[in-house]
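As the structure is a prediction and not an experimental result, all values here were calculated from the model. Throughout, protein chains are lettered first and strands after them, A, B, ... in sequence-line order, and every chain is numbered starting at 1. Hydrogens, waters and symmetry mates play no part in the numbers below; they use all other heavy atoms, side chains included.
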Number of protein chains: 2
Amino acid sequence: MTRFIAVVLALFASSTVLSQSLSVKSTDSRYLLKVEVTPAGILQYSLSFLGKQVVQPSALGFDLEKPKTKLNRFKLESVDSSYINQNWAPIWGEYATIKNEYKELVLHVKQTTNPAIQVAVRFRLFKDGLGFRYEFPSQTNLSHFVVKEENTQIVVGKNHTAFWIPGDYDTNEYLYNTTKLSEVHALAAAKKEKDIAVTSLVSDQTVQTPLLLKSADGLYISIHEAALRNYPAWLLNLNKANFSFESTLVPDAVGNKAYLQTPANTPWRTILVSNKATEILASTTILNLNEPTAFENTSFIKPQKFAGMWWEMHVGKANWPLAGGKHGANTENVKKYIDFAAAHKLDGVLVEGWNQGWEDWFGNWKENVFDFVSPYPDYDIQYLTKYAQSKGVRLIMHHETSGAVTNYERRMDTAYRFMNLNGINTVKTGYVGKIIPRGEHHDGQWMVNHYERVAAKAGTYGIMVDAHESVHPTGLHRTFPNWMANEAARGTEFNNAPTLGITPEHTTIIPFTRLMGGPMDFTPGMFHMKLNQFDPSRKTVIRTTLAKQLAFYITIYSPLQMVSDLPENYEGKMDAFQFIEDVPVDWADTKILAAEPGDYLAIARKDKKSEDWYLGAVTDENKRALALSLNFLSPGKKYEAIIYADADNADFEKNPEAYKISKQMVQSTDQLSFQLARSGGVAVRFRLMD
Amino acid sequence: MTRFIAVVLALFASSTVLSQSLSVKSTDSRYLLKVEVTPAGILQYSLSFLGKQVVQPSALGFDLEKPKTKLNRFKLESVDSSYINQNWAPIWGEYATIKNEYKELVLHVKQTTNPAIQVAVRFRLFKDGLGFRYEFPSQTNLSHFVVKEENTQIVVGKNHTAFWIPGDYDTNEYLYNTTKLSEVHALAAAKKEKDIAVTSLVSDQTVQTPLLLKSADGLYISIHEAALRNYPAWLLNLNKANFSFESTLVPDAVGNKAYLQTPANTPWRTILVSNKATEILASTTILNLNEPTAFENTSFIKPQKFAGMWWEMHVGKANWPLAGGKHGANTENVKKYIDFAAAHKLDGVLVEGWNQGWEDWFGNWKENVFDFVSPYPDYDIQYLTKYAQSKGVRLIMHHETSGAVTNYERRMDTAYRFMNLNGINTVKTGYVGKIIPRGEHHDGQWMVNHYERVAAKAGTYGIMVDAHESVHPTGLHRTFPNWMANEAARGTEFNNAPTLGITPEHTTIIPFTRLMGGPMDFTPGMFHMKLNQFDPSRKTVIRTTLAKQLAFYITIYSPLQMVSDLPENYEGKMDAFQFIEDVPVDWADTKILAAEPGDYLAIARKDKKSEDWYLGAVTDENKRALALSLNFLSPGKKYEAIIYADADNADFEKNPEAYKISKQMVQSTDQLSFQLARSGGVAVRFRLMD
């Protein structure tokens, strides 16, 4: 730790009312952060990147409910600064090693009116992003307090292009909108959405993070938060008069935002900027702002690929409830999935609809739906556990709470013990429905704490977690490495939604938005694109090519990667399926080769267990030629490139399932050119030849 | 079962729009219930007692939130009737056997507007009370539904004297008010109260049940509810224009009242009437309206007397938290209580302040206060458990939730297992503070279900429950015999409250109000009446004589009866203490000898384990002579009466601790005359001489 600012403190000794201003540059000098307390006592910051002002002076502050006071007029008491440069190794992820290098500036300020509450704002400036958070130290005047609102401004000041979803307290499963900021109309956009179970919209000018902006002069700006703990998710209220955002927090059942006790801190507010879209995707700022794990034992945590009794229900072949005669999760059926997983080296089999309660689970704010330990009588869990074990496969349990979280919390211990008894060490949780405690929201402080309780408790039982319908991730998988993935965005299941579904561009946007916070259980791997397979009346289709589905295993990172289609839909296409069988879920390195949000991206990743590299590229509704340098490969080494590409006549609307597979020898000095069909993609395995 | 109404059904075949009216008399013909559907479709009932109309025609109905409809216009579809006469034996209580004899009338009605929802109203007319409830049968038009309000009227029609407390969603710890109905001003009354932790008042005209009314012509009317399950507590809105009450239910966090699913029913609405106050106290209607227990094992349930590490904290000798240097619940101190209990045949020792968290437990809506398994380091629970065991005494555990019920629910299993491991089989729960889930109230549906979950789960662990700050009891101790007592009213601890405290008349009212629902852990047994013992600045005193404290063991029934004062305060008065040592907590029979609400009452009870009888009588702020016939004693048998009376010069203000003890031989043909001092009492043991 190095003190890099010493002189500035001299300023504070003076009793002038001039602005007290500090500035810090990132180690590569690209970022310039300025922080000041104005003569009027306003605490504000601004941010430039390569000499361009990205964030104009933007005020920081709070509105407290208890004690009833506004924290918006400060005097600067002292400043701390430091420099950190260290490396750390995630348990799993996109990189074997991550550099955590930043300059830190902590402003200790005090409210100038009574009560004279002390606040600190801690800024960390990385080479690939800025994070700052508020801290409320222990102090005589403040112990327990209630937040009415956080008043953090981000004045971008220009009518950028924005990739946004409507602000909502309960869901992030919207399709992304790409508009100028002046054209943001959240309520109008949400009105087009018919297929989201529970929505709680905020205002026409409220959007969610991760939010991506693109400036006319070619800067990409990603705004999000890191380490969201014991605090509600934030949303951003857009003011079109000056193109500024002001934070607003998800309320609780009585309208308060957060209940805190000193010492306390907010999550980190993150602003990543680059003139290269690829750098946004490569940023590790959000992970670096999270705490290292406190887990002593992480040996039970294993990235996995898994098949699942799941898509059958979505396409109408089977159903979750026993009643109705189409119960999918019966012993025989699940056995087939186990056989399929075993035959193709998949680690797990997710089973939805295994437990009693699905006959009356949704839509009535019902509290006692599932008990999480009572299988349907046609589901022999003990037999299947043993059978799976004999095949080297493990079952993955599904805990749908239907939003009745009080019910889940009082049953969690029993449920996890039941999993332990049955040798199941991964749970997919679900929160479809209005939350109980009634009046609470999916993204409020109480639920944020719930998701963390699940991760922490599951950890004590040696269980990995994949949470669906949860709050947006904020890099907490560093702290809770067993909390491996979240849905928390529009995933594959929406291909089955009649109204908007998943557009071709969606998967070229979510890496820049939703995935900035952490891995997504997007559930890729669809090989059969028409969804009328079991119900001829269905008109919905999957709007990608098959090769694009393969590419998702690279472009949408998750350590829990589903192999989502029906086993029978892979039959006859096992040559293409080979990529899914081969692709790892844990990586030694990642290179973002090319990217433009809403248009395309190409990523190469190196297997953690071998010298092989894998590449995935996807495009939006436009076909696209990509020429990619292979300079990520080890110099002088020879690789066999197995290329899973769109067939020449592939097209997401006319011929989505057409692919071609080719092989060629390549090395790091080569370049490969790919022709991506409309909503197409390409997936490549680079096999090191010894 | 006998059908006693057959002819009435003929009526319904006619297509006239005349009122369809039914009437039933109680088996002793004192009660007359009339029920009708008016030509306008209003379903109403009225009730007479000995020819006097007690309840004028009063409408029944509902306002639903989902489906959005008012249920207030009905047509009568059919009627069922039956007669039941059976006896049952409670596990413990005031009677060894209880007669359950009633006539039942069930009106099946259907809403005349769409949706044509079917409702049934079930009336049960006993000799000592009326109960009726709404039932929503399974039906095509109604499965899940949400109650906005229950619109049950009780038109008493006259300006009765009322014994009432203000309507409140969170507390029933008010002092009772005795006024004409025209003088009910709930908000004004509540404004005088300064010592209740959390209040949520409703309106100036809203009162709670149990409510007692007394008519000018000498009728006593008790209004309450029985079997409050999966439903909020009700309150009564008074309309002074016609002296009618209309029900209002405690809301949840979003303002809804109840979430129900057919088949569903409300609690029983109970109206007990008599021209004798003693009959109100003797009524078993509320117990009879509760379901028999479903517990297969009740052998762990044992009525108890217990001492406790509790009053020390209230009088400032000790404190709950470890911090501050006055920690009461330390090993040495609790050992003394165990010795005291063992020396005086008390079954248990309650220990409050044993567990970590008291330093910051109250007033901040804090969720994670206690974990219920972490003793303070100076409290050696394992040693004390063994020590108690060696003395034939058991510890009683205290689980103060501080209102953070979500936290308690997720820890209950672990906490009860911890109790099992430590051989502790009774828990005193507490709910001091605003409820979490935030926005929920102590008396709402969610909390009503919570209290029942505690009783049910504790039952599975062989644990008895004594709930404090809980909803008003409604006879559920029949169904959950391990849920033995509740506070749920103003008890002894309020003697220490500076503003109003406990008035002399309070304990002559609560048997007619609060105790109608079930046993109260009032915590009697105070021998030292000035509370400046450890803190000379305290001005509060206990406003009873010592003999009245003894009488409470008879007049305030509980199967968990505390011996509340400090052991050292009993020293020097061990002759009086002998009554506490002798008095049972489980009874074969009970006779209400004399009673007038607000003035006095005298009760005799027969020990369940012997032929001995015990008598207790108390008076209000007036001294009083009582001449009581002993005709409850077995004829021809001789008894030694040991009489614990106020000394001649005893007076709750001037000489509260003066008592005298005398013995005399008596038999059933005798009469005993007692002089009760101001706020005095008398306690008698009748020992059968063989």
Side-chain angles (χ1 to χ4, degrees), chain A residues 65-67 142-146 200 230 251-262 264 359-369 404-417 433-441 444-450 452-454 456-457 460, chain B residues 65-67 142-146 200 230 251-262 264 359-369 404-417 433-441 444-450 452-454 456-457 460:
Chain A
E65 177 64 28
K66 183 185 168 189
L142 195 72
S143 173
H144 291 278
F145 61 109
V146 179
S200 298
N230 192 30
D252 80 343
V254 299
N256 290 327
K257 302 301 177 76
Y259 301 82
L260 301 177
Q261 181 174 11
T262 58
E359 283 73 12
D360 177 28
W361 74 284
F362 175 71
N364 291 299
W365 235 355
K366 181 179 176 177
E367 186 165 10
N368 296 310
V369 175
V405 182
T406 45
N407 178 55
Y408 189 45
E409 289 213 339
R410 64 177 82 101
R411 296 174 185 279
M412 268 162 56
D413 273 294
T414 306
Y416 296 162
R417 269 196 298 273
K434 288 168 83 174
I435 295 297
I436 305 178
R438 297 189 181 94
E440 296 291 341
H441 295 289
Q445 183 189 25
W446 197 88
M447 282 301 293
V448 163
N449 283 334
H450 167 74
E452 180 170 329
R453 273 194 292 275
V454 169
K457 188 178 283 293
T460 68
Chain B
E65 176 65 30
K66 184 184 169 192
L142 196 70
S143 172
H144 290 277
F145 62 108
V146 179
S200 298
N230 192 30
D252 80 343
V254 300
N256 290 326
K257 301 302 177 78
Y259 301 81
L260 300 176
Q261 182 174 12
T262 58
E359 282 73 11
D360 177 28
W361 74 285
F362 175 71
N364 292 298
W365 235 355
K366 180 178 176 177
E367 187 165 10
N368 295 312
V369 174
V405 182
T406 46
N407 178 55
Y408 188 46
E409 290 213 339
R410 65 177 83 101
R411 296 175 185 279
M412 268 162 56
D413 273 295
T414 305
Y416 296 162
R417 268 197 297 275
K434 290 169 82 174
I435 295 296
I436 305 177
R438 296 189 183 95
E440 296 290 341
H441 294 289
Q445 184 189 24
W446 196 87
M447 281 301 293
V448 163
N449 283 333
H450 166 75
E452 180 169 330
R453 274 194 292 275
V454 169
K457 187 178 284 293
T460 68

Problem - With B:Glu452 via salt bridge (charged side-chain N to carboxylate O under 4.0 Å, His left out) - residues at least two apart - result: B:Arg229

Practice task
Would you mind checking which part of B:Lys457 comes under 4.5 Å of any heavy atom in chain A, side chain (CB onward), backbone (N, CA, C, O), both or neither?
Solution key: neither

Practice task
Look up atom CZ in B:Arg453 and atom CG in A:Asn368, then write down how far apart they are to the nearest 0.5 Å.
Solution key: 6.5 Å

Practice task
Compare all side-chain heavy atoms of A:Lys366 with those of B:Gln261 and state whether any distance is below 4.5 angstrom.
Solution key: yes

Practice task
Determine, step by step, whether A:Trp446 and B:Glu367 satisfy the side chain to side chain contact (heavy atoms under 4.5 Å, CB included) criterion, reporting the C-alpha distance in whole Å, the side-chain angles of both residues, the deciding distance to 0.1 Å, and the verdict.
Solution key: CA-CA 10 Å; A:Trp446 197 88; B:Glu367 187 165 10; 2.8 Å; yes

Problem - Winner by heavy-atom pair count (cut-off under 4.5 Å) against chain B, out of A:Ile436, A:Asp413, A:Val254 - result: A:Val254

Problem - For B:Lys434, side chain to side chain donor-acceptor pair (under 3.5 Å) partners two or more places apart - result: none

Problem - 4.5 Å side-chain heavy-atom contact, A:Asn364 and B:Lys66 - result: yes

Problem - Heavy-atom check, side chain of A:Glu409 versus side chain of B:Arg410, under 4.5 Å - result: yes

Practice task
Report yes or no: is the cationic atom of A:Arg438 (NZ for Lys, CZ for Arg) under 6.0 Å from the centre of the six-membered ring of B:Tyr259, at an angle within 45° of the ring normal?
Solution key: yes

Practice task
Please state whether the side chain, the backbone, both or neither of B:Asn449 comes within less than 4.5 Å of a heavy atom of chain A.
Solution key: neither

Handout entry: chain B contact via A:Arg411 - which portion, at a heavy-atom distance below 4.5 Å
Key = neither

Exercise for the section: Show the numbers, then the answer: is there a side chain to side chain contact (heavy atoms under 4.5 Å, CB included) between B:Trp365 and A:Val146? Expected result: CA-CA 10 Å; B:Trp365 235 355; A:Val146 179; over 6 Å; no

